[in-house]
Amino acid sequence: MEQTFILNLIHRPEMVPEYAATVTGQGREEDIANKKLLTESLDIFKTQQRLAHENGLKVTIQMTYAALFNEEAVALARHDHAVYGDEIALSLLGLPCEQFRRKYKTKDFCIWMFSLEDKKRIVDDVFGKFHEIFGFWPVSTGSYYMDADLTNYIKAAYPSVQCAVATCWEEGPKAYHTCNNSWYTLFDGGPWAPWIPSRQNTHAPAANAGEDSGIVAIPHLSRDLLACYDGNGSNFGTHPQNVLRGMIYDAETWEYPYLYNLIDQYRDLAKYNDGYAYNMMFVGPGWMNKMGRWEAPYELLLKSYSDGCRYYGDLKKQGKLVDMTMSEFAAFYRANKTYTQPECALWRDILYGSDKQVFWYCDPYLRACVNMDQGGAIVDLRPYAAKLSWPVGIGTKHVQDASYPFLIQEKYRAGYFTHYAGEGTVRSAKLRYHGEEADLCLCRTKAHFSREGRRRILTLDPVEIVFSGLTVKLQTRVLFEEGSGAIELERRILSMSDPAAQVELDEYMVACYGTTEYPEDMTGILLACEGGRREEITYEYRCREKSVPDAWQVSAVIPAIETKVSMTPSGDAEGYVREGYAFSPMFTLGFKKMMKEKEAFSTWLKLEKAD
């Protein structure tokens, strides 16, 4: 694939903008048919369209349900389709309007939160109205999130749909807490870049044609893959007004170099993905309210959007960017990507001035984050191999929570740096020598990316561990084998100040499962250690441990998320499993091995669907 940086620019003419309505209507009785609001919304949409077209950019216009009842909005879409080649699409956002409220008698507006019966009714209603107005069926659609049942129904009933906005990256408890605990859009754990969703679970990419939902999914906004993970993602995205909301600009000059650096870092991802990189900007009119927004005046809102479009337009003029409509991108994606081909991102901090670096990996079997500030520890792990069916909406067990469960998540389960008692989830290693212990989580390092055939490799700079009387220089490699559902961690002792010394290497994984910071019931998880004999623990919060001298596998089966996670060694090692307790409801899998200078030892962490 030639080096290609693709932009999807998406506008939606919301007649009742989710942000603007509460601002312009402050202190008044709710009136979602307010003529002033409708006029302002259309004026902003026209401005957004003008700025895109002045910079030579093609737009996908996602018509909302309310917009389908507005003759001027429909005429604008028709005109820009004919003149500029914009794609007329259908959004499942922007449902609230007089017609919708009368028919469905609810203030709900998140399509994935309705009952399955209502989802189908609403889809038929909205798609039917679109066809009535335009005389053709949409080829792309979207929402903040689209659950598997919704996607499968749309594809079956309206096969013209090729592409959909299907999730917000890491829009979970972190975003919820920064919205005064009132923004019930919980969908952590999905891809940050385009993918083909499986029919079983939107967040888990399809592994083959049999799992293919029939659409190409794109994320709602391109986020900062470090700042967003550590904090509120709504402040860190390539949408210019995200950057204003995060107040990441010079208050005197109204300049925002971070926005351009963020776009450029997305361009840089082509290095890790066979020459392909992707960016998207998804904009409704509420962001450019005439009364200002995010403590920024309208003039700054307008300037930021104008500057953002100009930056993309300049890249296009320089031959460094290709703008596509959503359906055009779907065709490109299917022509250039395979099911098992992973998405990789070696990401550095471009906001806070630190040297922090993380690596994200995503394929149909797992999503993982490796943190170089913690010695290459795995700090986020989602077991896509389970393809967990997770119905969402009224009438299901998960009315709002659409997140894909984690096994490791440092923000919700502490990671290495934790309380004086208990443990946090992390996949790391410890070295021991004469009663002293050092965890690699304390060893900051840097990573370098390479590829060998179907393997994506992170080679970390060596670290030094200093004990009383011994200094050890150790290097780590993290290897992802495409299509295997496994991650290899290789440790190599490059040198020791005493070449005759031996140190104990303890490769461990502390894990649990969940989607929020609150613990789940761990009862019934089966821990097993297998070698010359098999030792088992059925989880009962009793703090037990089992080990086998020459183990070939340690594992945990977690029935609640239909997942088996295992570790296997490259040579003879003592395997162990450990049960947690109520104050620390985790489990631990590990191998211990005595190591000499110049020796190497690997362990493979593998994810599978439990029988």
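Atoms considered below: every heavy atom in the structure, side chains included; atoms not considered: hydrogens, waters and symmetry mates. The shown structure was predicted, so the numbers you read here are calculated from the model rather than taken from an experiment.
Shown here is K473, whose NZ atom has no more than 12 heavy atoms of other residues, nucleotides or ligands within 6.0 Å. Around CG of D355, the count of heavy atoms belonging to other residues, nucleotides or ligands within 6.0 Å does not exceed 12. Around atom NZ of K596, no more than 12 heavy atoms belonging to other residues, nucleotides or ligands sit under 6.0 Å away. Shown here is K546, whose NZ atom has no more than 12 heavy atoms of other residues, nucleotides or ligands within 6.0 Å.
Aromatic rings from W347 and Y266 are positioned such that their centres are separated by under 6.0 Å.
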Margin query: The test is ring-ring contact (aromatic ring centres under 6.0 Å, His included); show your working for Y278 and F329 and say whether it passes.
Written below: CA-CA 10 Å; Y278 174 86; F329 173 73; 4.8 Å; yes
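Between F467 and Y433, the ring planes are tilted. Angles from 30° to 60° get that label. Ring orientation note: the planes of F480 and F359 are tilted relative to one another, at an angle of 30° to 60°. Taking the six-membered ring where the residue is Trp, H203 and Y145 present tilted rings, their angle falling between 30° and 60°.
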Sequence neighbours excluded and cut-off under 3.5 Å, please list the side-chain donor-acceptor pairs for residues 406-413, or say none.
residue : atom : partner : partner atom : Å
Q409    : OE1  : K411    : N            : 2.8
Q409    : OE1  : Y412    : N            : 2.8
Q409    : NE2  : Y229    : OH           : 3.3
Q409    : NE2  : D380    : OD2          : 3.3
E410    : OE1  : Q374    : NE2          : 3.1
K411    : NZ   : D230    : OD1          : 2.9
Y412    : OH   : K174    : NZ           : 3.4
Y412    : OH   : D188    : OD2          : 2.6
R413    : NH1  : T516    : O            : 2.6
R413    : NH1  : E517    : O            : 3.3
R413    : NH2  : Y518    : O            : 2.9

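Of the possible polar contacts, none joining the W169 side chain to the L221 backbone as a donor-acceptor pair under 3.5 Å is found. No donor-acceptor distance shorter than 3.5 angstrom exists from the side chain of R456 to the backbone of F449, with no hydrogens or angles considered.
Side-chain contact check for H177 and N232: no donor-acceptor pair (N or O, by modelled atom type) lies under 3.5 Å. Side-chain polar atoms of Y384 and N201 form no donor-acceptor pair below 3.5 angstrom.
Evaluation of the side chain to side chain donor-acceptor pair (under 3.5 Å) rule for D264 yields R267, Y311 as partners, not counting sequence neighbours.
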